[in-house]
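Per chain, numbering begins at 1; letters A, B, ... match sequence-line order.
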There are 2 protein chains.
Amino acid sequence: MGTKHRFDTGEARALKTYVKLMRATESVTARAHRQLSSFGLTISQFGVLEALYHLGPMSQSEIGQKILRSSGNMTMVIDNLEKRKLVRRERNRADRRFFIIHLTDDGKKLISSIFPSHAAEIARALDVLTPAEQQTLGRLCKKLGLEARPEA
Amino acid sequence: MGTKHRFDTGEARALKTYVKLMRATESVTARAHRQLSSFGLTISQFGVLEALYHLGPMSQSEIGQKILRSSGNMTMVIDNLEKRKLVRRERNRADRRFFIIHLTDDGKKLISSIFPSHAAEIARALDVLTPAEQQTLGRLCKKLGLEARPEA
DNA sequence: CCATATTAGTTTAATATTAAACTAATTAAT
DNA sequence: ATTAATTAGTTTAATATTAAACTAATATGG
């Protein structure tokens, strides 16, 4: 004997919000992806280069935490960047468990030339929102992102 | 003769908003992923089953458009669902270029049992926001998602 | 000093994802 | 009737992504 399951209004609202969040993100991400692929980069490769560009050399696991990727994935993305001579791994002498990842000169040149275009593309994508709306979106996403993140 | 590139405040604000959007999405998505993997599904597999569950049988390209995936990816995700006997492909007789994808009985059972847990998980993730904030987030994301989507 | 626990990164297996080139089928134009 | 254009889906190659198991190195506790 089953009754027809109805979601309460809280669940229905949350699901609708979630779907809109996913679609918005997918659209902006697809747009960023198209632009970056014209520079021969994937979104994750760009994320690594950008993190190193803005924050300086750091370990693989630190980069993974910053751009929210697993350690196995970081190995492959950094392997590919290393292969293209955009980054280099330097074993830490004090603790040989980890590497410090550095941008190479070529890597610095590439990311510093790409970054302004990327910034402009993101600004164009978000131009549909007013400055106040962008602030509100950012505030709500920050609130959402902090809570949803599982704290290890 | 080079001047140091500074982003105007519009670009800086857009980038900050974008980073927060990506992080929020990543957090909620990671949470949903963990839950779905305990049911043996990936997010894209779930997306296909959910689309068929709520909207009825449809072609592969229609499903791809609804869950924002490429046709090549849809082939593989549906191949895997077919292999597990959760969906079946039926060639359209009127136009043999396309298939109609149906949920199987097992597929219906699985998605109908999972969906309430998924809805509850999403509601928990979004519980950090008030109802009014969820409405606002949804409205802003809808605005963003419509504009950023490239119209073919 | 030795055994155990923890950490950084790698490997494995599976799945996801894209763009581009392709095949098969249908539609449109001549 | 024939050719060209378009559409649905597949295949290819490359890269991304995860969880889990693994190795190597360091830290901790007895």
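- Put simply, CG on Leu41(B) is 12 Å from P on dT15(C), counting in whole angstrom units.
- Across all strands, Thr75(B) comes closer than 4.0 Å to base atoms (heavy-atom distances).
- Classification of Arg88(B) and Glu82(B) as a salt-bridged pair fails, no side-chain N sitting under 4.0 Å from a carboxylate O.
- Checking the phosphate oxygens (OP1, OP2) of dA25(C), a side-chain nitrogen or oxygen of Arg96(B) falls inside 4.0 Å.
- Computed from coordinates, the Asn92(A) CG to dT7(C) C1' distance equals 13 Å when rounded to whole Å.
- Classification of Asp105(A) and Lys85(A) as a salt-bridged pair fails, no side-chain N sitting under 4.0 Å from a carboxylate O.
- Regarding Met76(A), its CE atom lies at a distance of 18 Å from the P atom of dT15(C), rounded to whole Å.
- Both Met74(A) and Ser37(A) lie close to DNA chain C; mapped to their nearest nucleotides by heavy-atom distance, the more 5′-ward contact belongs to Met74(A).
- Looking at every heavy atom in both residues, Ala123(B) comes nearest to Ala14(A) through CA-CB, 3.6 Å.
- Dashed line: the shortest gap from a side-chain N or O of Arg84(A) to OP1 or OP2 of dA14(D) is not under 4.0 Å.
- Using a 4.0 Å cut-off between a side-chain N of Lys or Arg and a carboxylate O of Asp or Glu, Arg23(B) and Glu26(B) do not qualify as a salt bridge.
- Look at Arg69(B) and you'll find a side-chain N or O under 4.0 angstrom from OP1 or OP2 of dT17(C).
- Across all strands shown, Asp95(A) has heavy atoms under 4.0 Å from sugar-phosphate atoms exclusively, and none from any base.
- Counting non-hydrogen atoms under 4.0 angstrom, Ser71(A) reaches a base of the nucleic acid.
- Within a 6.0 Å radius of CZ in Arg91(A), other residues, nucleotides and ligands contribute more than 12 heavy atoms.
- Here the NZ atom belonging to Lys20(A) is positioned 7.5 Å from the CD atom belonging to Gln135(B), to the nearest 0.5 angstrom.
- In this structure, His54(A) has its ring center closer than 6.0 angstrom to the ring center of Phe115(A).
- For Asn73(A) and dT12(C), the CG to C1' distance is 14 Å, given to the nearest whole Å.
- When heavy atoms are screened at a 4.0 angstrom cut-off, Arg91(B) is found touching no nucleic acid atom at all.
- Heavy-atom distances to DNA chain D give each of Asn80(A) and Ala94(A) a nearest nucleotide, and the one nearer the 5′ end belongs to Asn80(A).
- Each end of the helix from dC1(C)-dG30(D) to dT30(C)-dA1(D) yields a helix axis from five base pairs, and these two axes differ in direction by 20° (to the nearest 10 degrees).
- Within the 4.0 Å cut-off from OP1 or OP2 of dT18(D), at least one side-chain nitrogen or oxygen of Ser70(A) is found.
- Using a 4.0 Å heavy-atom distance criterion, Ser61(A) is classed as a sugar-phosphate-only contact.
- Of the two residues contacting DNA chain C, namely Ser44(B) and Gly72(A), the nearest-nucleotide position lying further toward the 5' end is that of Gly72(A).
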